[in-house]
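Proteins come first, then strands; the chains are lettered A, B, ... in the order of their sequence lines, and each starts at number 1.
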Amino acid sequence: MTQSTRARPDPGAPSSVSDLERSMRSRMDKLERLRERGIEAFAYRYERTHEAREAAAAFEAAEAAGTLSERGQGAEVRVGGRMVAFRSHGKSAFADLEDGSGRIQVYFRRNQLGEQAFEDLDLLDLGDWIGARGWLFRTRMGEVTVQVSDWTLLTKALRPLPLGKSEVDAATGRRVSHSGFADTEARYRQRYADLAVNPEVRKVFRARSQVVGTARSVLDAHGFLEVETPVLQPLYGGATARPFVTHHHALDRRLYLRIADELYLKRLIVGGFERVYEVSKDFRNEGLSRFHNPEFTMLEFYQAFADYHDMMDLVEELVAEIAAAVAGARTLTYQGERISLAPPFRRIRLVEALGEALGDDPLELEDDQLRARAKALRLPDIENAGRGKLIDKLFDVLVQKDLRAPTFVVDHPRELSPLAKAKRGDARLTERFELFVLGTEIANAFSELNDPLDQRARFEDQARLAAGGDDEAHRVDEDYIRALEYGMPPTGGVGVGIDRLTMLLTDQPSIRDVILFPILRSE
RNA sequence: GAGCCGGUAGCUCAGCUGGUAGAGCAACGGACUUUUAAUCCGUAGGUCGUGGGUUCGAGACCCACCCGGCUCACCA
């Protein structure tokens, strides 16, 4: 039987079969032949003795110890992975197998494998998962390789992966890819394929896991308790944002997806847990950008008996620890810009910094004067903006963008911060800080407002803004006020944007590059 | 929502001032028993995002629409 008669299309027929279809048909055809040969194309398990990297390391160790056989053979190993390259030489062939640790080359020789097992290699395709047993050796070209004595198909890939080619650059030792899988949208949509063919993408998500893991271990070491609070909430709060709305059928009730954890975590402080944190998915029904995904991950933590100064120290430690764990250093390069993350971070007062930029103390300016300044800068949507929003926007444009090195901006105006305690000695301000790195907000924190009467007044201010058309303003949360009435000890609280922190530490330009499955339009 | 750039083979991309579609990789057939972006010979593969228009002739020019990326705006 010749293979060519099988997949060849009828020459007279209209050839509307696409490349992809033909490729998949060929794979289906091979699957059929495997089944005819009684070979299981979707195996149940495979016992590996070594991951790719371990196998290479084992050989090098044996080499160094001088325990190789006379013919230069090392130990027998069983490795398994996805076949990402195949170089056939007639009566021999090389393949690269990739597993979670990296790649290893395997070498098939006809007279080693036997006629049938060697012929069966024809039924393999790039993307297939295979297991291979054999002896380690080093090729003439110097690469540690498994000389295969038998191999097993573990999973047939019916769809071709968009594999590019890659080579190891002799000068740098780094793997250089050629004509890989680059279409940004396709990469996000088919993240499984992106991960499968782009090892550096896997690296980003390992780093992301390290960010969260390190945050947990730092907080655990400080005696924090990890908790879980509701995603579905009857009333949203803890941030200024538009929520997603959903409906519970059995209760016939409107519910919101949380926009922040804050109010629930502080209820727990009322309950007597003195240090709590949550790593949470939050949801905000707002635009998308390279810094915004509708669902994103926030780390919030609250500590009783502490104020915002304590929390600043803790945030410094947290960020520096995470950077050390992920980047291996306390400096980082983001999109070509090099900065240090070594504490202590600079601390500036919001009003003071804005005052310098404006030439006037913003606290002394009337609302209309602030609005005029904003107008002069041609800031949009300021007609109905309250005092807080005006100051925020002015700060954003005049100061924030230039905060490259890590900087704590402290003491925000009261109107901006309905959940923060008044600043000691200046009731126009609150005890709050935001941490900016490279002009991006990474953390937000305050001495938490624990006076239920003041909190009610702040909520009512917000409710008036809401009535005036500000759909991001807080609602009055009666249950939260009830909790405060039972008494919340002095508390410092912090929120950290995990996605953005990960972007910085992994040098990724878009939040979509640090979210495995970012929101996209429907396909 | 606005501006800019883009959509050509499965992937990465060429395609000049309009003349009838190309390359590399992948696929298929063949040669090759230490290769490595393997190499060499051969084969096949495209309603050029969609719909109109201009033209003898459109992948290219014009209009509309769809989709994407980036920037800006809202927001963390």
Side-chain angles (χ1 to χ4, degrees), chain A residues 2-9 11 15-27 29 72 85-96 103 105 107-113 118 122 125-127 137-143 145 147 159-169 175-189 193 197 239-242 259-260 282 284-294 296-298 378-381 389 392-393 396 434 436 440-444 471-472 495-501 509-512 520-523:
Chain A
T2 60
Q3 297 172 9
S4 57
T5 55
R6 199 177 274 267
R8 180 150 295 170
S15 52
S16 62
V17 187
S18 75
D19 253 6
L20 177 61
E21 279 174 292
R22 279 186 303 118
S23 181
M24 291 188 68
R25 201 169 286 179
S26 154
R27 287 164 186 248
D29 189 62
F86 190 81
R87 297 175 290 279
S88 168
H89 292 264
K91 296 184 182 63
S92 74
F94 292 88
D96 294 340
R103 289 184 178 198
Q105 177 170 266
Y107 177 51
F108 303 99
R109 270 178 70 163
R110 183 181 193 160
N111 60 0
Q112 180 89 35
L113 278 177
F118 192 79
D122 285 342
D125 289 292
L126 293 187
F137 75 110
R138 198 182 276 284
T139 64
R140 247 178 243 159
M141 301 301 287
E143 181 155 347
T145 301
Q147 166 128 12
R159 185 180 290 273
L161 277 170
L163 280 164
K165 296 227 165 182
S166 70
E167 63 179 322
V168 177
D169 183 41
R175 190 163 279 282
V176 187
S177 294
H178 303 275
S179 63
F181 185 43
D183 182 277
T184 315
E185 188 203 355
R187 286 182 41 228
Y188 296 150
R189 269 191 209 290
V197 303
T240 52
R242 260 169 54 193
I259 59 171
D282 291 354
R284 299 189 183 174
N285 207 339
E286 286 160 352
L288 291 81
S289 80
R290 76 187 187 93
F291 292 111
H292 300 89
N293 194 65
F296 63 102
T297 302
M298 187 91 128
R378 292 195 302 200
L379 301 182
D381 300 329
K389 230 173 197 174
D392 192 34
K393 289 197 174 208
D396 190 40
E434 290 178 287
F436 292 97
T440 303
E441 182 185 341
I442 294 299
N444 181 25
D471 52 7
E472 293 176 350
V496 177
I498 293 296
D499 311 274
R500 291 181 177 179
L501 184 57
S510 168
I511 197 167
R512 289 176 163 188
L520 302 168
R521 283 172 202 264
S522 46
E523 203 165 355

Heavy-atom nearest nucleotide on RNA chain B for A:Phe291 versus A:Leu126: which residue maps closer to 5'?
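With A:Phe291 and A:Leu126 compared, the 5'-side residue is A:Leu126.
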Below 4.0 Å: OP1/OP2 of [N] and any side-chain N or O of [X]:
{"X": "A:Arg87", "N": "B:C32", "answer": "no"}
{"X": "A:Lys165", "N": "B:G24", "answer": "no"}
{"X": "A:Ser26", "N": "B:C28", "answer": "yes"}

Closest non-hydrogen atom pair between [X] and [Y], with its separation:
{"X": "A:Phe86", "Y": "A:Ala95", "result": "CD1-CB, 3.8 Å"}
{"X": "A:Arg290", "Y": "A:Pro509", "result": "NH1-O, 2.6 Å"}
{"X": "A:Ala241", "Y": "A:Ile259", "result": "O-CD1, 4.0 Å"}

Pairwise [atom1] distance, [M] and [N] [rounded to whole Å]:
{"N": "B:C72", "M": "B:U36", "atom1": "C1'", "answer": "47 Å"}
{"N": "B:G45", "M": "B:G10", "atom1": "C1'", "answer": "10 Å"}
{"N": "B:C61", "M": "B:C74", "atom1": "C1'", "answer": "38 Å"}
{"N": "B:U12", "M": "B:G6", "atom1": "C1'", "answer": "15 Å"}
{"N": "B:C62", "M": "B:G7", "atom1": "P", "answer": "14 Å"}
{"N": "B:U20", "M": "B:G24", "atom1": "C1'", "answer": "24 Å"}
{"N": "B:G19", "M": "B:G3", "atom1": "P", "answer": "31 Å"}
{"N": "B:C48", "M": "B:U35", "atom1": "P", "answer": "45 Å"}

Quick one: which of [options] gets closest to the side chain of [X]?
{"X": "A:Arg109", "options": "B:U36, B:C32, B:U33", "answer": "B:U33"}
{"X": "A:Tyr107", "options": "B:C74, B:U33, B:U35", "answer": "B:U33"}
{"X": "A:Lys91", "options": "B:U34, B:U33, B:A73", "answer": "B:U33"}
{"X": "A:Glu185", "options": "B:G68, B:U36, B:U34", "answer": "B:G68"}

What is the base-pairing partner of [N], counting Watson-Crick and G-U wobble geometry with both distances under 3.5 Å?
{"N": "B:A27", "value": "B:U43"}
{"N": "B:A64", "value": "B:U50"}
{"N": "B:G18", "value": "none"}
{"N": "B:A9", "value": "none"}
{"N": "B:C4", "value": "B:G69"}

Would you say the base of [N] and the side-chain of [X] have a donor-acceptor pair closer than 3.5 Å?
{"X": "A:His89", "N": "B:A38", "answer": "yes"}
{"X": "A:Gln105", "N": "B:U35", "answer": "yes"}
{"X": "A:Ser92", "N": "B:U34", "answer": "no"}
{"X": "A:Arg140", "N": "B:U34", "answer": "no"}
{"X": "A:Glu143", "N": "B:U36", "answer": "yes"}

Just checking [X]: base, sugar-phosphate only, or nothing, at a heavy-atom cut-off of under 4.0 Å?
{"X": "A:Gln112", "answer": "nothing"}
{"X": "A:Ile498", "answer": "nothing"}
{"X": "A:Arg159", "answer": "nothing"}
{"X": "A:Asp396", "answer": "nothing"}
{"X": "A:Glu441", "answer": "sugar-phosphate"}
{"X": "A:Phe108", "answer": "nothing"}
{"X": "A:Thr240", "answer": "sugar-phosphate"}

Keeping the roles fixed (side chain from [X], backbone from [Y]), state whether a donor-acceptor pair exists under 3.5 Å.
{"X": "A:Asp499", "Y": "A:Ile511", "value": "no"}
{"X": "A:Asp183", "Y": "A:Ala186", "value": "yes"}
{"X": "A:Glu286", "Y": "A:Arg242", "value": "yes"}

Whether each nucleotide of nucleotides 8-13 of chain B has a protein heavy atom under 4.0 Å at its base (B), only at its sugar-phosphate (S) or at neither (-) is summarised, 5' to 3', as -SBSS-
Please work out which of the three classes, parallel, tilted or perpendicular, describes the rings of A:Phe94 and A:His89, given edges at 30° and 60°.
perpendicular
Enter the distance from A:Ser92:OG to A:Leu113:CG here, rounded to the nearest 0.5 Å.
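Here the rounded value is 10.5 Å.
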Give, for atom CZ of A:Arg187 and atom CZ of A:Arg512, the distance between the pair rounded to the nearest 0.5 Å.
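One finds 11.5 Å between CZ of A:Arg187 and CZ of A:Arg512.
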Please report, rounded to the nearest Å, how far the [atom2] atom of [N] is from the [atom1] atom of [X].
{"X": "A:Phe94", "N": "B:U34", "atom1": "CZ", "atom2": "C1'", "answer": "4 Å"}
{"X": "A:Leu288", "N": "B:A73", "atom1": "CG", "atom2": "P", "answer": "16 Å"}
{"X": "A:Ile511", "N": "B:C74", "atom1": "CD1", "atom2": "P", "answer": "17 Å"}
{"X": "A:Phe86", "N": "B:U39", "atom1": "CZ", "atom2": "C1'", "answer": "15 Å"}
{"X": "A:Glu21", "N": "B:C28", "atom1": "CD", "atom2": "P", "answer": "16 Å"}

Using the side-chain hydrogen bond (donor to acceptor under 3.5 Å, both in side chains) criterion, which residues pair with A:Glu143? Sequence neighbours excluded.
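None.
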